[in-house]
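Residue indices begin at 1 and follow the sequence shown.
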Amino acid sequence: MYLLALQQNNGIGQLCYQSELQLDDVEPLSLTDILDYQGTESLFPQLLERYYLRNAVSGVQPKVSISNITDRTVPQPGVIVKTYDEAFPLLTVNEYVCMQAAQACGLAPPATYLSNDLQHFVIERFDRPNGQWLGYEDFTTLMKRANTPDAKYQGSYEALLRATMLYTNNLQEVTRMYRYIVFNCLIGNGDAHLKNFALQYTPDMNAIFVSPPFDITHTLIYEDIDNKMALKMAGSKEFPSFSHLLALADGPGFKIRGAKDIIHEFAQRIEELLVDSEEVKLIDGLKESISRHLSRTMHQTATVSTYRHDKKRKYPK
C-alpha cells in the first residue's frame, strides 16, 4: 500500500492513488535533455534517483516513467525511458529499429526516440492522450491468467484473437490485433507475450480498442534467448510459416479480410526499412538476422511441430 501511495497519479491508465504522503516536486526535464545528454556520468541512474519513487512500470528491461517531460515551454506527453544491460547490448537500438518498422507498416505506434549516445530509448505514453485518462488492461488480466511470472507465456495467438473479439465485439479491432501478431512474427520478436498486448477504453466504456504496439524487439539475434515464440500458434511455439499466418486469419466468429495482402505488404515494408535505416547498421548482424528470418517465414511451407513445454525462460535471470 505504501508503494501505491507513492505512485499517486502516475500509474498506468486510469489508476491513481491518494494519501497523506507529500513528495518533493521534481524539476521537469525536456526531451532534449535526454536525447542530447553529454554529461560525464551516466544519465539513467540519475533518472532513477529522481523518479524511482513515482515509477509504476515493470519489466525485464531497465526503465523509468517520467510524467513531467517538457519541451522547454510546451508540455509533452509522459514518456518511458529505457536503457540496456550487458546481457543485451544496444537493446535500445534494436527496439528503436523494430518500432520504426512498425511505423513503416502503418501500425501507428507511439512516438519513439533514440538518444544520440544510444544509451536511451524513449517512447511516449499512450494511456493519457490529450489529458484524457484511458483505461488499460493487458491480456494476462483479460484472459484471467494466474499472478505468476510464467503466466504471460501461457496461451496462443488464436486465443488472443478470440479474446479480442469477445471484449470488443468489433472485427476492426480483431483485424488490428491480427496485424500486430503478424508483424511480431515477421520481425522475429520471440517475446510477444500476453502482457505486451492490451485493450484500452474510455471512462464511459463506450469505446474499447486495442492499444498501440509496444515492447517489440528482434530477439533471434541474442544467443541467450531461445528461438521460440512467447505464445503458441497452430499448437507450436516455433515461428510460423506464411501459411500458418494465413490460417490464423480464419477463426471462430471472425475472418480477417485481405490477410494475404497484409502479410505481403508487411514483409515488403520491413525489407524497405532495413535498406533505408541507418540505425539497423549499429548492431552487427541485426539487418541480416531480420532479413534472413523474414525470408524464411515468407517461403517456408507449413509444417506443424508438436508442441512440447519448454521451461527455459525467455530471458535469463
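- Without hydrogens or angle criteria, Asp33 side chain to Leu29 main chain gives no donor-acceptor distance under 3.5 Å.
- Between Asp127 and Arg125 a salt bridge is recorded (basic side-chain N to carboxylate O distance below 4.0 Å).
- In the hydrophobic cluster analysis, where Ile, Leu, Val, Met, Phe, Trp and Tyr join through side-chain heavy atoms closer than 4.5 angstrom, Val210 is grouped together with Met205.
- Judged by distance alone, the side chains of Asp191 and Asn189 never bring a donor and an acceptor atom under 3.5 Å apart.
- The existence of a salt bridge linking Glu158 and Arg162 is excluded, since no basic side-chain nitrogen approaches an acidic carboxylate oxygen closer than 4.0 Å.
- When side chains are defined from C-beta on, Ile80 does not count as touching Ile66, because their heavy atoms never get closer than 4.5 Å.
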Asn206 vs Tyr201, test: side chain to side chain donor-acceptor pair (under 3.5 Å). Steps then yes/no. CA-CA 8 Å; Asn206 284 336; Tyr201 49 91; over 6 Å; no
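- No side-chain donor from either of Thr92 and His120 sits under 3.5 Å from a side-chain acceptor of the other.
- In terms of modelled atom types and a separation under 3.5 Å, the side chain of Lys232 and the main chain of Gly155 share no donor-acceptor contact.
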Full working for side chain to side chain donor-acceptor pair (under 3.5 Å) between Thr140 and Asp138: CA-CA 6 Å; Thr140 52; Asp138 67 50; 2.3 Å; yes
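- For an aromatic pair to be called close, the ring centres must be under 6.0 Å apart, and Tyr84 with Phe121 fails this.
- Closest approach of Ala108 and Pro212 over heavy atoms only: O-CB, 3.9 Å.
- Using modelled atom types, one side-chain atom of Tyr178 and one backbone atom of Leu245 make a donor-acceptor pair closer than 3.5 Å.
- Counting heavy atoms from C-beta outward, Glu288 and Ile221 have side chains that stay 4.5 Å or more apart.
- Residues Asp215 and Glu95 form a side-chain contact, since some pair of their non-hydrogen atoms from C-beta on lies under 4.5 Å apart.
- Residues Thr83 and Val81 form no side-chain contact, since every pair of their non-hydrogen atoms from C-beta on lies 4.5 Å or further apart.
- With 3.5 Å as the limit, one finds no donor-acceptor pair spanning the side chains of Glu173 and Tyr167.
- No side-chain heavy atom of Phe266 sits less than 4.5 Å from a side-chain heavy atom of Ile187.
- Listed for the Arg269 side chain is a donor-acceptor partner under 3.5 Å among the backbone atoms of Ala104.
- For the pair Ser42 (side chain) and Pro45 (backbone), a donor-acceptor distance under 3.5 Å is absent.
- With hydrogens and angles ignored, the 3.5 Å screen pairs no side-chain donor or acceptor of Thr141 with any backbone N or O of Glu137.
- Inter-residue side-chain proximity for Thr112 and Val122 is flagged as unmet; no heavy-atom pair is nearer than 4.5 Å.
- Here the closest heavy-atom approach between residue Leu43 and residue Ile34 is recorded as CD2-CA, 3.9 Å.
- In this structure, CD on Gln100 lies 12.0 Å from CG on Leu274, to the nearest 0.5 angstrom.
- Met143 and Phe209 fall into different hydrophobic clusters, where Ile, Leu, Val, Met, Phe, Trp and Tyr residues are linked whenever their side-chain heavy atoms come under 4.5 Å apart, directly or through other members.
- Checking side-chain atoms of Ser289 against main-chain N and O of Gly285 turns up no donor-acceptor pair under 3.5 Å.
- Across all their heavy atoms, Phe126 and Ser211 have their closest contact at CE1-CB, 3.8 Å.
- Around the CG atom of Asp36, the shell of radius 6.0 Å holds more than 12 heavy atoms that belong to other residues, nucleotides or ligands.
- Under the 4.5 Å side-chain contact rule for hydrophobic residues, Leu231 and Ile225 share a cluster.
- Residue-environment remark: CD (Gln132) exceeds the threshold of 12 foreign heavy atoms within 6.0 Å.
- Heavy atoms from other residues, nucleotides or ligands lying under 6.0 Å from CG of Asn147 number 12 at most.
- With rounding to the nearest 0.5 Å, the separation of NZ in Lys82 from OG in Ser115 is 14.0 Å.
- Cluster annotation: Phe214 and Leu134 are assigned to distinct hydrophobic clusters (Ile/Leu/Val/Met/Phe/Trp/Tyr, side-chain heavy-atom contacts under 4.5 Å, transitive).
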Set out, in order, the CA-CA distance, both residues' side-chain angles and the distance that settles side chain to side chain contact (heavy atoms under 4.5 Å, CB included) for Lys260 and Phe242, then state yes or no. CA-CA 9 Å; Lys260 182 180 294 186; Phe242 178 91; 3.8 Å; yes
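- Formation of a donor-acceptor pair under 3.5 Å by the Thr168 side chain with backbone atoms of Thr164 is found in this model.
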- Task: Before giving the answer on side chain to side chain contact (heavy atoms under 4.5 Å, CB included), spell out for Gln154 and Asp150 the whole-Å C-alpha distance, their side-chain angles and the decisive distance to 0.1 Å.
- Result: CA-CA 7 Å; Gln154 296 171 3; Asp150 292 332; 4.3 Å; yes
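- For Phe88 and Tyr222, the ring centers are positioned less than 6.0 Å apart.
- Here the side chain of His299 pairs a donor or acceptor atom with the backbone of Ser295 at under 3.5 angstrom.
- Using bins of under 30°, 30° to 60° and over 60° for the plane-to-plane angle, the ring pair Tyr157/Phe197 lands in the perpendicular bin.
- Residues Thr217 and Thr219 bring no donor and acceptor atom of their side chains to less than 3.5 Å of each other.
- The closest side-chain heavy-atom distance from Met298 to Leu186 is below 4.5 Å.
- Leu161 CG to Leu248 CG: the interatomic distance, rounded to the nearest 0.5 Å, is 5.0 Å.
- Put simply, the side chain of Asp250 never gets that close to the backbone of Lys255: no donor and acceptor are under 3.5 Å apart.
- Glu238 is not listed as a side-chain neighbour of Met229, based on a closest heavy-atom distance of 4.5 Å or more.
- Minimum heavy-atom separation, Met99 to Ile123: CE-CD1, 4.0 Å.
- With no hydrogens or angles considered, no side-chain donor-acceptor pair links Tyr37 and Asn116 at under 3.5 Å.
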